[in-house]
Amino acid sequence: MSARETYLFHHSCFDREQYLKELNLLAEHEIKFQVNDHSGPIQFKSPACGYFEAEILINETDFDRANDLLESLNTYGN
């Protein structure tokens, strides 16, 4: 494992339900990823009245595999 890993921006997610599905899929397939959460703290108390935005960044070595997995999730509407 290198001392410094590179994470590439994949996309921003604005729908919390879709975001959770994507995180579960990435975790199930042992994809290395990071999340930059730009939503406010009110979002977690009352999801209907808050703003939600999270950026998903994927490890450079897992990027292509993760992209295929996320595209299949969107294609099949899971």
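Computed from a predicted structure; not experimentally measured.
Scored by the side chain to side chain donor-acceptor pair (under 3.5 Å) test, His29 finds no partners at all (sequence neighbours excluded). Contacts of Asn59 classified as side chain to side chain donor-acceptor pair (under 3.5 Å), with partners at least two apart in sequence or in another chain: Glu5, Thr61. With sequence neighbours excluded, the residues forming a side chain to side chain contact (heavy atoms under 4.5 Å, CB included) with Asp15 are Glu17, Gln18, listed by chain and number. A search for side chain to side chain contact (heavy atoms under 4.5 Å, CB included) contacts involving Tyr19 returns Cys13, Arg16, Leu23, Val35, Phe52, Ala54, Ile56, not counting sequence neighbours. For Ser12, the side chain to side chain contact (heavy atoms under 4.5 Å, CB included) criterion is met by Phe9, Phe14, Glu53, Glu55, not counting sequence neighbours.
A distance of 6.5 Å separates CZ of Arg4 from OG1 of Thr6, quoted to the nearest 0.5 Å. Taking CD1 from Ile31 and NE2 from His10, the interatomic distance works out to 10.0 Å, rounded to the nearest 0.5 Å. Atom CG of Leu8 and atom CZ of Phe33 lie 15.0 Å apart (nearest 0.5 Å). Interatomic distance, NZ of Lys32 versus CG of Leu26, reported as 13.5 Å (0.5 Å rounding). Taking CZ of Arg65 as the start and CG of Leu70 as the end, the distance is 11.0 Å to the nearest 0.5 Å.
No side-chain heavy atom of Asn67 sits less than 4.5 Å from a side-chain heavy atom of Leu69.
The other members of the hydrophobic cluster of Tyr7, by chain and number, are Leu57 (side-chain heavy atoms under 4.5 Å, ILVMFWY only).
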